[in-house]
**Student:** 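Would you mind keeping the following structure in view while I ask a few things?
The sequence lines fix the lettering, A, B, ..., with proteins before strands; numbering per chain opens at 1. Just so you know, these numbers come straight off a predicted model, no measurement behind them.
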Amino acid sequence: MPEGPSLYILKEQTTQFVGKEIVRAEGNTWAIDTTRMVGQPIVSLRTWGKHFLIEMPAMVVRIHFLLFGTYRINEGRDKPPRLSLGFADGSVLNFYACSVKEIDQDIDAMYDWAADVMSDAWDPAKARKKLRACPAMLACDALLDQDIFSGVGNIIKNEVLFRIRVDPRSTVGALPPAKLRALVQEARQYSFDFLGWKKAFTLKQHWLAHAQKICPRCHIPFHKAKLGKSDRRSFWCERCQKRYG
DNA sequence: TGGAATGTTGGAAC
DNA sequence: CGTTCCAACATTCC
């Protein structure tokens, strides 16, 4: 489920619920009092990267799908929902195996919308500025940093670095300006390509590097290692992806 | 079929 | 007190 483009699809699929009043709210979430949602209309459904935000007049609930979360619209599944919302017209929005949290601050103060690669507010110059502020950071860590590239996940990371021919172990500060610019540009571009392929159910077949064995450009084996602060899988080609720094 | 994976958090450890 | 480490969560696929 994760990665920003998937959340973008969720937002598109749930526009029908905006403005509707929640008449039933339940589920096995322990983190919020679901009864407080009953009687409230949905003011907006928004995303910030991998966060799905349900805005009501009196509260904002944040859904995070982590690695395994799923959702269903107007149907159930074989597991009990973590959060299930029912509306007067009989429509239903179900969330499973996700993190549910109430946000008790002003969301506009909390979220930097310019960091969301899927957002109209995405600001590439601001992203470059954030990158220049941490020159020692590895390229693989930079792409996964949600404060800089909100919505980018491990697949997008590997594909972006392959596209721009940068070794994941490169340091941000050692990247030539054109590469830094390409990194930021492709983080958004690839995310929208991801979106299109995901909608067409052809995402996996478009992977060039992620979980691949042979470099499609050089036809030599990819290197594979767990890299960076979070020890995430990286796939890269020693021949066509250059290591800076 | 056991292990790994599109991810993050919170608390322990240092 | 700040930073780092690690278990925990939970589902699907190979």
Side-chain angles (χ1 to χ4, degrees), chain A residues 1-11 13 27-32 47-53 61-72 75-84 94-105 107 110-112 115-118 134 136-163 168 186-213 222-236:
Chain A
M1 172 62 206
E3 304 225 19
S6 299
L7 274 281
Y8 190 94
I9 292 169
L10 166 58
K11 186 173 63 176
Q13 292 175 337
N28 62 15
T29 177
W30 65 94
I32 64 165
T47 56
W48 179 81
K50 303 164 191 170
H51 298 210
F52 183 65
L53 303 168
V61 170
R62 188 208 75 175
I63 306 287
H64 198 301
F65 292 93
L66 292 100
L67 219 42
F68 313 118
T70 53
Y71 63 92
R72 292 288 188 278
E75 61 179 12
R77 52 161 300 181
D78 56 329
K79 311 269 177 182
R82 174 112 332 135
L83 178 64
S84 176
N94 289 324
F95 300 97
Y96 305 86
C98 54
S99 156
V100 178
K101 222 172 172 176
E102 181 173 352
I103 294 177
D104 46 16
Q105 324 166 38
I107 55 175
M110 174 168 179
Y111 289 113
D112 177 7
D116 181 354
V117 294
M118 301 304 293
C134 35
M137 185 183 264
L138 299 183
C140 57
D141 282 333
L143 278 163
L144 292 176
D145 188 324
Q146 300 298 296
D147 293 327
I148 307 174
F149 297 108
S150 173
V152 169
N154 209 34
I155 298 169
I156 297 174
K157 175 198 80 177
N158 282 317
E159 295 296 321
V160 166
L161 291 172
F162 181 73
R163 274 191 177 182
E186 281 299 339
R188 178 169 169 93
Q189 182 57 54
Y190 186 84
S191 295
F192 278 90
D193 291 343
F194 182 125
L195 174 65
W197 293 325
K198 183 89 182 172
K199 284 180 172 176
F201 305 103
T202 58
L203 177 64
K204 266 193 193 182
Q205 67 195 61
H206 284 93
W207 288 350
L208 298 179
H210 184 77
Q212 304 305 298
K213 292 189 160 44
F222 272 121
H223 279 256
K224 176 183 168 180
K226 294 200 169 191
L227 301 178
K229 278 192 292 196
S230 49
D231 230 31
R232 301 282 242 113
R233 289 198 301 172
S234 280
F235 301 85
W236 74 100

**Student:** What nucleotide, of B:dT8, B:dT6, C:dA10, holds the atom closest to the side chain of A:Phe68?
**Tutor:**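 Closest of the options to the side chain of A:Phe68: C:dA10.
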
**Student:** Regarding A:Lys226, tell me which of base, sugar-phosphate or nothing describes its non-hydrogen contacts under 4.0 Å with the strands shown.
**Tutor:** sugar-phosphate

**Student:** Which nucleotide in the set C:dT11, B:dT6, C:dA10 lies at the smallest distance from any side-chain heavy atom of A:Arg77?
**Tutor:**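 The answer is C:dT11.
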
**Student:** Of all the choices, B:dT8, C:dA10, C:dC14, which nucleotide is nearest to the side chain of A:Leu66 once you look at every atom?
**Tutor:** B:dT8

**Student:** Does A:Arg233 make a side-chain N or O approach to OP1 or OP2 of B:dA4 shorter than 4.0 Å?
**Tutor:** no

**Student:** Is A:Arg77 close enough and on-axis enough to A:Tyr96, meaning under 6.0 Å and within 45°, for cation-pi?
**Tutor:** yes

**Student:** A:Arg62 has a side chain; which of B:dT6, C:dT11, B:dT9 sits nearest to it?
**Tutor:** B:dT9

**Student:** Check this one for me: any side-chain N or O of A:Lys101 less than 4.0 Å away from OP1 or OP2 of B:dG10?
**Tutor:**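 For B:dG10, OP1 or OP2 has a side-chain N or O of A:Lys101 closer than 4.0 Å.
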
**Student:** With a 4.5 Å cut-off on side-chain heavy atoms, are A:Trp30 and A:Arg82 touching?
**Tutor:**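 Yes - at least one pair of side-chain heavy atoms lies under 4.5 Å apart.
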
**Student:** Compute whether any side-chain donor of one residue and acceptor of the other, for A:Ser6 and A:Lys50, lie under 3.5 angstrom apart.
**Tutor:** no

**Student:** If pairing requires Watson-Crick or G-U wobble contacts with both distances under 3.5 Å, which nucleotide is the partner of C:dA10?
**Tutor:**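 Answer to the pairing question: none, since C:dA10 forms no Watson-Crick or G-U pair.
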
**Student:** Sort out the partner of B:dT6 for me: Watson-Crick or G-U wobble, both distances under 3.5 Å, none otherwise.
**Tutor:**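 Partner of B:dT6: none.
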
**Student:** Find the distance between CD1 (A:Ile63) and CZ (A:Phe65) and round it off to the nearest 0.5 Å.
**Tutor:** 6.0 Å

**Student:** Think A:His64 has a side-chain N or O under 4.0 angstrom from the OP1 or OP2 of B:dT9?
**Tutor:**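 No.
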
**Student:** Would you indicate which nucleotide in B:dT6, B:dG10, C:dT11 comes nearest to any side-chain atom of A:Ile155?
**Tutor:**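 Side chain of A:Ile155 sits closest to B:dT6.
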
**Student:** Would you indicate what A:Lys50 reaches in the nucleic acid, counting non-hydrogen atoms under 4.0 angstrom: base, sugar-phosphate, or nothing?
**Tutor:** sugar-phosphate

